[in-house]
Amino acid sequence: MGSCFTFGPNALDFFTDVGYKYQYAGENLARDFRDPDSVIRAWMNSPSHRENVVNEKYQEIGVAVVDGTLQGVETTLVVQLFGTPYGAVESKPVEKAAPKPAEKPVAAQPVETLGEKRQSVLTSPLDLTKALIIFVVGILIGAFAIDILMVSHRDTPRISSNSLAQMMFLLFVLVAGLLIKGGAIL
Amino acid sequence: MKILFENIKKHLVHYLVLLFLLVSGGLSFFYFQRFPQAQIVSAFLTASFYVLWGVIHHYLEGDLHLRVVVEYMAVAILGFLVLFILVNRV
């Protein structure tokens, strides 16, 4: 894989592009994680990605971390490609698959019907934290806005901090918080 | 609203300085998005300068009291903690 990585519509095209004839193939993708532990944790917490990682049918693996373009956005991608060369498990294809009813057909099926193993984007728990924080900071901003209006309306003299400044600072916090990008697995 | 606008007009330089501090803090926070430690330092510095701005602003206005400083510090600590938590969740 080169240093410039553009993710196409079919992830398993990479196998055919490099002439890798596979019997089984799969792929895990992650983007925008800051450390390897977080990527592995996210994959292992996702049943479908975990299935790729622990699947005994895969005999080979390729891993890459590249800066590239994903869906038109510059990002850092972590790619795991799993594969078993065509004919490598010719002698016992069914016996190994039979005791595991939970296995998905992607990994278990031979190359003729092999599909790619891509899932929709799974968002990280960061989004929930963000939503909660936006809610709390939003309430505070609202409280300061009401305070400004009340004081302005009633012309109340008082000793306190400057509500407009507090609002400006909280807006900074809100915008900075929204700018934080979390990792996602695909 | 009239008092608010008069207040902004009267302290326009103060608010412009604050705006500059906050925008600079926001930009550095965004610039260091791949470096969480730098983001935390950016948030801490912005919060610190914000408190400093509040102290100087109220000192110049002649209404600097402990309560005012505590209010600025409370909001600054809250803001810093929010960003600290978010940065460490990534």
Side-chain angles (χ1 to χ4, degrees), chain A residues 32-35 38-39 42 67 74-76 124-141 143-145 147-184, chain B residues 1-8 11 14-15 17-19 21-31 33-36 39 42-43 46-47 49-51 53-55 57-58 61 63-76 78-90:
Chain A
D32 294 328
F33 283 89
R34 276 178 172 151
D35 58 88
S38 304
V39 180
D67 289 329
E74 287 293 319
T75 186
T76 300
S124 71
L126 176 70
D127 291 337
L128 190 62
T129 312
K130 266 188 183 179
L132 184 67
I133 281 170
I134 288 167
F135 180 72
V136 172
V137 175
I139 284 179
L140 282 172
I141 291 173
F144 282 120
D147 180 63
I148 288 173
L149 288 174
M150 297 282 277
V151 169
S152 180
H153 183 67
R154 295 180 182 173
D155 199 7
T156 313
R158 61 181 193 147
I159 297 171
S160 75
S161 58
N162 187 324
S163 294
L164 182 61
Q166 308 282 32
M167 270 181 69
M168 287 169 72
F169 179 72
L170 289 173
L171 277 173
F172 152 77
V173 172
L174 199 63
V175 172
L178 289 172
L179 288 176
I180 294 175
K181 286 196 287 185
Chain B
M1 290 302 280
K2 192 181 169 189
I3 292 177
L4 174 66
F5 289 125
E6 281 174 3
N7 180 34
I8 294 173
H11 305 107
H14 292 201
Y15 287 117
V17 169
L18 179 62
L19 193 65
L21 288 174
L22 297 179
V23 170
S24 302
L27 288 176
S28 67
F29 194 84
F30 180 70
Y31 180 77
Q33 60 181 317
R34 298 278 173 206
F35 307 96
Q39 278 191 313
S42 293
T46 308
F49 280 125
Y50 166 70
V51 174
W53 178 91
V55 169
H57 170 75
H58 285 276
E61 286 299 295
D63 59 352
L64 181 62
H65 300 274
L66 181 62
R67 180 183 159 179
V68 172
V69 179
V70 170
E71 279 184 26
Y72 278 98
M73 286 185 74
V75 172
L78 175 80
F80 173 71
L81 283 178
V82 161
L83 294 177
F84 183 82
I85 290 168
L86 278 176
V87 167
N88 284 299
R89 281 304 295 266
V90 178

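Chain identifiers are assigned alphabetically (A, B, ...) following the order of the sequence lines, protein sequences preceding nucleic acid strands; residue numbering begins at 1 within each chain.
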What distance do [X] atom [atom1] and [Y] atom [atom2] have between them, rounded to the nearest 0.5 Å?
X: B/L19; Y: A/M168; atom1: CG; atom2: CE; value: 4.5 Å
X: A/L178; Y: B/L86; atom1: CG; atom2: CG; value: 9.0 Å
X: A/L170; Y: B/L78; atom1: CG; atom2: CG; value: 7.0 Å
X: B/L18; Y: A/F169; atom1: CG; atom2: CZ; value: 9.5 Å

Turns out that what part of A/L179 lies under 4.5 Å from chain B's heavy atoms comes down to both
The interface call for A/L174 against chain B, heavy-atom contacts under 4.5 Å, is neither
Cut-off 4.5 Å, heavy atoms of chain A, and the answer for B/H11 is neither
Okay, B/I8 and chain A: the region with an atom under 4.5 Å from a heavy atom over there is side chain
Here the pair of heavy atoms bringing B/L83 nearest to A/V173 is CD2-O, 3.7 Å
Note: B/Y72 and A/A165 closest approach over all heavy atoms is OH-CB, 4.2 Å
